[in-house]
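Computation of the quantities below employed the complete heavy-atom set of this structure, encompassing side-chain atoms and omitting hydrogens, waters and symmetry-equivalent molecules.
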Protein chains: 2
Amino acid sequence: MARRKVKLQYIVNKSSRRNTFRKRKEGLLKKVYEITTLCDIKAAAIIYSPFDVEQEVFPSHPEVHEMLMRFQDMSEKDKTKNMVN
Amino acid sequence: MARRKVKLQYIVNKSSRRNTFRKRKEGLLKKVYEITTLCDIKAAAIIYSPFDVEQEVFPSHPEVHEMLMRFQDMSEKDKTKNMVN
DNA sequence: CGTTCTATATATAAAGG
DNA sequence: TCCTTTATATATAGAAC
């Protein structure tokens, strides 16, 4: 979006892809922060990126870990049920 | 945003909060899908909401579970390091 | 490679059904 | 309560540094 509408597909050019990744990651974390604040809920985003040295990025609360634990405890059936595409 | 700028704070009115939650959750999942597609990375969002019957919502791939496993394996120090606020 | 600047695409608050 | 419709706030692609 912005200057030009972009097709929703893999960005081949590496520097463009990297730039888009950085900007969108920032936007995504902001959105997570906002919905968390506005609705007083727990939310987190996990991003695995080949660009960052650190492999996982976590926005949001320490409670995130608790959420993960809860997820781990769910049955496989429930996990599938809660997947959204 | 939209018709009126909204202060970034808890929305007291329940129906408004619920509506905002539903819309923003949808937008958030879309963003996750987009960054995933555009940059060919793995990403997921976890949302704990009192509005949904299901307690956790997961956008994105089956690989998400693998990501969580990797996170579980990280040392406490690394977990803290990867938290972003 | 990372930032900042803007024009434009998107997300979304309110309102209406 | 949920879906549409809009007006407006935000996010962000591309450019320039």
Could you tell me the separation between the NZ atom of B:Lys7 and the P atom of D:dA9, rounded to a whole number of Å?
16 Å
Using OP1 and OP2 only, check whether a side-chain N or O of B:Lys23 sits under 4.0 Å from C:dA14.
no
Nearest-nucleotide check on DNA chain D, B:Leu38 vs B:Lys5; residue mapping nearer the 5' end is B:Lys5
Atom of B:Leu38, atom of A:Lys7 and distance for their closest heavy-atom approach
CD2-O, 3.6 Å
Nucleotide D:dA11, atom P - distance to CG of B:Leu28 in whole Å:
12 Å
So which heavy atom on A:Ile41 is nearest to which on A:Ile35, and how close?
CG1-O, 3.7 Å
Spacing between B:Lys25 atom NZ and C:dA11 atom P, to the nearest angstrom
17 Å
Distance, rounded to the nearest Å, where A:Glu26 contributes CD and C:dT3 contributes P:
9 Å
Give one of base, sugar-phosphate or nothing for A:Thr20, where a contact means two heavy atoms less than 4.0 Å apart.
sugar-phosphate
Nearest to side-chain heavy atoms of A:Lys31, which nucleotide of C:dG2, C:dA14, C:dT12
C:dT12
Heavy-atom nearest pair, A:Ile47 first then A:Lys25, reads CD1-CG, 3.5 Å
Please find the pair of heavy atoms, one from B:Leu29 and one from B:Ala45, that lie closest to each other, and give the distance.
CD2-CB, 4.4 Å
Among the nucleotides C:dA11, D:dA13, D:dC2, which one has an atom lying closest to any side-chain atom of B:Lys30?
C:dA11
Looking at B:Arg4, does any N or O in its side chain come under 4.0 Å of the phosphate oxygens OP1/OP2 on C:dA15?
no
Between atom CZ in B:Arg18 and atom P in C:dA13, what is the gap in whole Å?
16 Å
Can you check the A:Leu8 CG to C:dA9 P distance for me, whole Å?
16 Å
State which of D:dC3, C:dT12, D:dA11 makes the closest approach to the side chain of B:Ala2.
C:dT12
Ignoring backbone atoms, establish whether A:Arg22 has a side-chain N or O less than 4.0 Å from OP1 or OP2 of C:dC1.
no
Judged by nearest nucleotide, the residue sitting upstream toward the 5' end of DNA chain D, A:Asn19 or B:Asn19, is B:Asn19
Which pair of non-hydrogen atoms, one from A:Ile11 and one from A:Ser16, has the smallest distance, and what is that distance?
CG2-CB, 3.8 Å
Nearest whole Å is fine: how far is C:dA14 P from B:Arg17 CZ?
14 Å
Would you kindly give the CD1-to-P distance between A:Ile35 and C:dA11, to the nearest whole Å?
14 Å
Can you work out whether A:Arg3 or A:Lys14 has the more 5'-proximal nearest nucleotide on DNA chain C?
A:Lys14
